[in-house]
Amino acid sequence: MTLKRIGEIDFSLLFASIILTIFGILFIYSSGVTSLGVSVSNEHIKQITWAVAGVLIALIVALTDYRRLYDWSLYLYIFFIVLLIYTRFFGKLVNGARAWVGIGSFGIQPSEFAKITTILFLARYLDQSSRSHNSFFRFLVSCLIVFAPVLVILAQPDLGTTLVFIPILLIMTYIAGLSLRYVSYLALIILLTGILTILPLWETYIMGGRFPSLLFITNSKVVLFLLFSFLLTTLISIFGFNRYKKNYFYWLAYGFSIGTISLLFSFAAQHVLKEYQVMRLIVFLNPNIDARGSGWNIIQSITAIGSGGFFGKGYLQGTQSHYRFLPEQSTDFIFSIFSEEWGFIGGIIVFSLFLLICLRLIRIMKTTSDPFGAYIAAGLSALYSFHFIINVGMTMGIMPITGIPLLFMSYGGSSLLASMIGIGLACSIYVRRYEH
Amino acid sequence: MALPLRSGETRPLARIKILQGLFIALFSIYALRLFIMQVISGDLYRSRAQNIAQRTTTLIAQRGEIYDRNYDRPMVLNVDSFAVNLTPAEVPKGQIPVIMERLASVLGVPKEKIQKTVPPQYYQLYHPLQVASNVSFTTIGQIAEHMDQFPGVSWQSKPIRSYVDPGSLAHIVGYVGDITQDELKVLYNQGYQQGNIIGKAGIEKEYDPILRGRDGYETKVVDVRGKRVSVENNTLIEPPIMGKNLVLTIDQSIQTLAEKALGQRMGAVVVSRPSTGEILAMVSYPWYDPNIFNTNDISTEYQSLLDDPKKPLLNRAIQSNYPPASTFKVIMTTGILNEKAFPPDKTIECKGELNYGGRIWKDWIGKPGHGPLDLKGGLAQSCDIYFWVVGRDYLGPERIVSYSKDFGLGDLTNVDLPGEIPGFIPTPQWKERRFHEKWQGGDTMNMSIGQGYTLVTPIQMADMVSMIVNDGTIYKPHLLKEIRDPVSGAVIKSIQPEVLHKSDIPPDIFKTVRDNMRAVITEGTARFPVNIKAVEIAGKTGTGEVGLADRWHSWFVAFAPYETDKPEDRIVVSIIVEATNNWEWWAPYASAIIFQGVFAHQTFQEAVKALGFQYLMPQRERRE
């Protein structure tokens, strides 16, 4: 660790994250203020504590050589997976999930830190394996590295957090130069599964049942038939490719196997998804379907943001927030209260700060000579941008409710610390970008 | 193009550039969406935000009061009282259990009850929760003086229904309570809501729509937890409409008289005016205190009422069936006369017992019997043998049934109280269906003297006498006399007599029956207690078998004055004293006291003294 290099830190990255954190603290305070102007919550105090600790840790990490983590990454990764398993069984039950572990009121959410450790470990693997194995094998192992924590987190259950790992995986492998066909394979499966899962809901609730043919996904006979035929086609194509080495066989197998897997997953999803999760999807399509129940949050959030106007209603003057119409104001809907009170101006500033962070990370990816560092930066950019896209999208009604926080701004010690560690890592990579 | 890097590693610049472009594109789309929401559609959302923030609360209407026919003193009042509320979210964190304990001790309510009203999942609520009602002003004062010890505690005026010295009026007036889910299911489209008060029994229930008025409402700006927000032009009010006052046909003095005359004996009294059907008094013992439904431990009190084997909640005047016993002979008399089934002057020899169907039927008087009796004598002496013979051999069960129905037995009287039961008239077909046995002559004999399967209520007996008094018309018995405006006292509606039933039997038959009923008092079974000087009474005794060797139901049904120029002055009294009491043959005595009190304008004590009944009263009653 060396203090001399402190001047070389990427200050725009650091300050962007600090400003976002300060915004977060301001509006966590606002969310705790009643309509009479009395503060009834001390979440902002806790957030300040974590923020100070976070910035310190970020600085410390920034000034150390991130390469030291190269060897440690495996142990950290395994440690957090074990901790996740422990949390799944012995963690505190909060809102129906065991994601929190601790003593008394001190505790952490291991899944937040697991995101960082997975990024680290995957980056290391991608760097290590670049010479030794072929693209396909590397992709497969990358998937496994990510799926391990995903499975445990899914068991908590916490569907929202597991979703973050997918863009991390995709972007890291993409930047690592893995063959595009594999990356797009996974991407297409995810996309198609999502579409097929939503399709029957959209048809039933939005189109009012006018296109029953779109409900084919729910009909097990039809699905079975399609599955069977797709699988057959895939197998025949594989056989054909092996035998005749014609490229079109390859692509047939590629396409139909995507179809098979997506069909399978979306069909399974309909039966595995719990009712509240299905409601979230339905209500995302049209919040008015359950305006007083599951749709309430989205409607309130959109109303709050929309009524903010260009300049906002003013700090501590928001009506939807202070009259308690907006739920979860310090966590999931922190952007809503921010946007209600600071309007479009405030919103654009937050967007720009997040974009700045992502672009700085892109710059790191481009300029650092160490692939390990580049991949870490890629993973971090996926992490921050995904949280932003899903959370802010949810508040604006263009994404379904998933319950993931807005990094830096939402109330929560573990996510803030993990995000700060990420920033510290990025700074550390940037400082040492010419050294490796 | 790849960067010059370590060998074997491809980190395509192009891909990074694509990623960069992707980020910029996504952020731009989001910025556009934000712009649309806030700048372009901003007004739409602002107005929506305003609408969500308004909330309406109900202003409860005052319930109507209930008076007796003299309209001077209400039987039911709305008494100002307070309800104490706790708003959990206004209590500092962690203090809620402490506050609940303090409240429990100052209110005198068990701590568990408060804890039950405010369970932990409500600790974040800004809505006030009622923890106690019927709280006195003094207690409120105590809380107010130490307000700093009671954060989150508030109170509001909540009038309670106070029953003024109800006594036996409990069964008539009834009581109120919070509306239940089952009631809401039925009444949802009549404007009732969760938390409304609704009548549960008696007049409170029967005329609830008139008594309850209509709630008003107040719209104000609040937050989603219902907490009021300080903004100008905050409230919009529609005032509530108060419930109407009811004036009943009951005469308090006659009610008290009847209540004391019955005393602490299980049974019922109905005093009515046959010319209009108005009920002047209705007593059913045991009664209960409806004010218990206003206390904070209703459930224990109510449970003990339910568990009481004497069934105090039962209104025996309309909800309890008894065999009419010898009072039925009045109907027999009417039938015999109208059908000319047996010459009224012809006598039948009563030897005290009869042999029929393989068993001995004993007249109540025993051997050697009454001797020869004609129709009038048979009724006056209540000779069973006379009516057994005539009923079985000359009138027959079909005609007896038809006359019973003509007198309204087996049917509801439609009195304006809930829960009336219709009694029962057996028929040969019914017996065949029910028991798969043929109707025997013995059944006819039982029926002729009002035993067997026949069941009546005291109010039906009153109607029976009314029909005889009115020459064949029964007016619907009712308790409501007038509906009055609560503020001005003006009469909004006056209830007119309504014909329940008109019989074809000619008036002279009824005259003869009335004469025969007078004979019961002048020379018959009731001559000792009921032949009083204050007024001429005509009626019929009844002593119902219940299977016990030493106790019987004691009936007395009568009217007075026997002869008058002003028929609208007549009253009818129908009393039953159950066999569950110690045997006193009390019904005729009670009737005498009532008639004495009414026509000599005397109180209970004075009437007892005037009649010389003091020696009959147990120590306790005499001192009343």
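Residue numbers begin at 1 in each chain, while the letters A, B, ... track the order of the sequences.
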Closest non-hydrogen atom pair, C358(A) against F23(B): CB-CD1, 3.7 Å
Using heavy-atom distances under 4.5 Å, tell me whether [X] contacts chain B through its side chain, its backbone, both, or neither.
X       : value
F335(A) : side chain
L361(A) : neither
S352(A) : neither

Donor-acceptor check, side chain of Q20(B) to backbone of I362(A), threshold 3.5 angstrom: yes or no? no
About how many Å separate [atom2] of [Y] and [atom1] of [X], when rounded to the nearest 0.5 Å?
X       : Y       : atom1 : atom2 : value
I305(A) : S41(B)  : CD1   : OG    : 12.5 Å
I171(A) : L22(B)  : CD1   : CG    : 7.0 Å
Y174(A) : I18(B)  : OH    : CD1   : 3.5 Å
L13(B)  : M365(A) : CG    : CE    : 11.5 Å
Q38(B)  : F311(A) : CD    : CZ    : 12.0 Å

Answer whether the closest heavy-atom distance between the side chains of [X] and [Y] falls below 4.5 Å.
X      : Y       : value
I24(B) : L359(A) : yes
L34(B) : S339(A) : yes
Y30(B) : M396(A) : yes

State which residues pass side-chain hydrogen bond (donor to acceptor under 3.5 Å, both in side chains) with N134(A); sequence neighbours excluded, sorted by chain then number.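 Listed in chain order: nothing, the list is empty.
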Among I348(A), V392(A), I398(A), residue most engaged with chain B (heavy-atom pairs, under 4.5 Å):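 Among I348(A), V392(A), I398(A), the one with the most close pairs to chain B is I398(A).
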Okay, L19(B) and chain A: the region with an atom under 4.5 Å from a heavy atom over there is both
Taking the ring of F344(A) and the ring of F35(B), is the distance between their centroids below 6.0 Å? yes
